[in-house]
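Chain naming here is simple, since letters A, B, ... match the order of the sequence lines and numbering starts at 1 in each.
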Amino acid sequence: MSTALKLATWNVNSLTVRLPHVLDWLNSQRPDVLCLQETKQEDSKFPYAALAEAGFNAVHNGQKTYNGVAIISPHPIAQVQFDIPGFVDAQKRIVAATIGGIRVVSAYVVNGQSVDSDKYQYKLQWLAALQDWLAAELKQHDRLAVLGDYNIAPDDTDCHDPAAWEGQVLVSPPEREAFQRLLDLGFHDSFRLFNKEAGQFSWWDYRMAAFRRNMGMRIDHILVSEALRSHCLDCIIDKAPRKLERPSDHTPVMLTLGI
DNA sequence: ATGGTAGACCCTCTA
């Protein structure tokens with residue numbers, strides 16, 4: 001007897017604007033977990049009622065204008081954690097919870113802007129704090145999934161033009177090394193368990209008709225702990241929401257587990 | 001030609 005569990009992540013670039021897309025997607029896909037990033041709203045503006053009407057519980061770690069993360073589920077949401085413990089951070093980028101025996105993290109990694117900016121240094125420091133915290137989480141939670149916008153394309157196959165992007169933010173060696181250190185904790189990049197092809201992207205810039213030309217990056221990831229690896233049945237990028245009117249620049253990534 | 005779009009929101013910042 002096994003149950004399929006669907007865990008997804010989506011950077012919505014303003015939940016205020018994207019709520020109709022999110023509700024449509026929840027109703028059509030019926031995921032067990034949806035992690036959101038860039039809600040860009042304070043908790044008082046979060047659409048708890050609209051989600052409840054659709055049959056979903058939610059926890060939100062929000063702020064005005066920037067950042068903001070949420071976890072949405074039809075199941076009970078327990079052991080909620082906001083932010084990285086012990087890491088002083090004014091920006092709301094982490095919410096974690098336990099759902100159906102799985103520890104779930106919704107993460108919005110710092111973008112970094114450019115490799116010569118202060119924001120890039122903050123990104124590397126933030127990733128180091130994330131690594132330390134996830135190492136501790138792994139000790140407490142065998143079944144751990146970390147879903148979110150990592151703002152890192154782990155490999156050249158995850159970038160539409162590696163030569164043009166060489167050394168730049170999202171693909172620079174220090175960022176990729178930080179991502180590898182997360183994997184070295186014992187995580188697996190679930191999408192790559194199933195699909196090794198180049199050109200599979202989760203984000204396309206709004207500019208230069210990038211989506212139509214598939215000029216994108218695979219920067220949204222679902223990392224799973226070793227205990228979940230053998231339960232992974234499928235991981236897909238759902239490009240449909242990116243084709244809608246007024247889309248987010250990111251599209252959902254969804255993992256199916258057989259538990 | 002160093003561009004372009006989108007969101008929040010007051011004008012410029014972030015992505």
A/F179 side chain near A/L127 side chain, heavy-atom distance below 4.5 Å: no
Distance-only donor-acceptor check, side chains A/N13 and A/S248, under 3.5 Å: no
Spacing of A/D118 atom CG relative to B/dA15 atom P, expressed in whole Å: 13 Å
DNA chain B: 5'-proximal contact among A/N151 and A/P247 (nearest heavy atom): A/P247
Backbone N/O of A/L23 and side chain of A/N27: donor-acceptor pair under 3.5 Å: yes
Which nucleotide in B/dA15, B/dG7, B/dA8 has an atom nearest any side-chain atom of A/T65: B/dA8
Validation row: A/P247, A/P241 side chains within 4.5 angstrom (heavy atoms): no
Separation of atom NZ in A/K64 from atom P in B/dG7, rounded to whole Å: 18 Å
A/E42 CD - B/dA8 P separation (whole Å): 13 Å
Rounded distance in Å - CD1 (A/I152) to P (B/dA15): 14 Å
Side-chain donor/acceptor pairs under 3.5 Å, residues 129-137 of chain A, sequence neighbours excluded:
| unit_1 | atom_1 | unit_2 | atom_2 | d |
| --- | --- | --- | --- | --- |
| A/Q131 | OE1 | A/R181 | NE | 3.4 |
| A/E137 | OE1 | A/R103 | NE | 3.0 |

Nucleotide B/dT5, atom C1' - distance to CD of A/E245 in whole Å: 15 Å
A/V17 or A/N67, whichever maps to the more 5' nucleotide of DNA chain B: A/V17
Rounded distance in Å - OH (A/Y120) to C1' (B/dA15): 17 Å
Nearest-angstrom distance from the residue atom NE2 of A/H250 to P of B/dG7: 13 Å
Set of residues satisfying side chain to side chain donor-acceptor pair (under 3.5 Å) with respect to A/D116, sequence neighbours excluded: A/S114
Any residue of residues 200-218 of chain A with a heavy atom less than 4.0 Å from an atom of DNA chain B: A/Y206, A/R207, A/M208
Integer angstrom distance from the C1' of B/dG4 to that of B/dA15: 14 Å
OP1 or OP2 of B/dT14 under 4.0 Å from side-chain N/O of A/K119: yes
A/R246 vs B/dG7: side-chain N/O to OP1/OP2 distance below 4.0 Å: yes
A/N111 CG - B/dC13 C1' separation (whole Å): 12 Å
ILVMFWY network linking A/V146 to A/L138, side-chain heavy atoms under 4.5 angstrom: yes
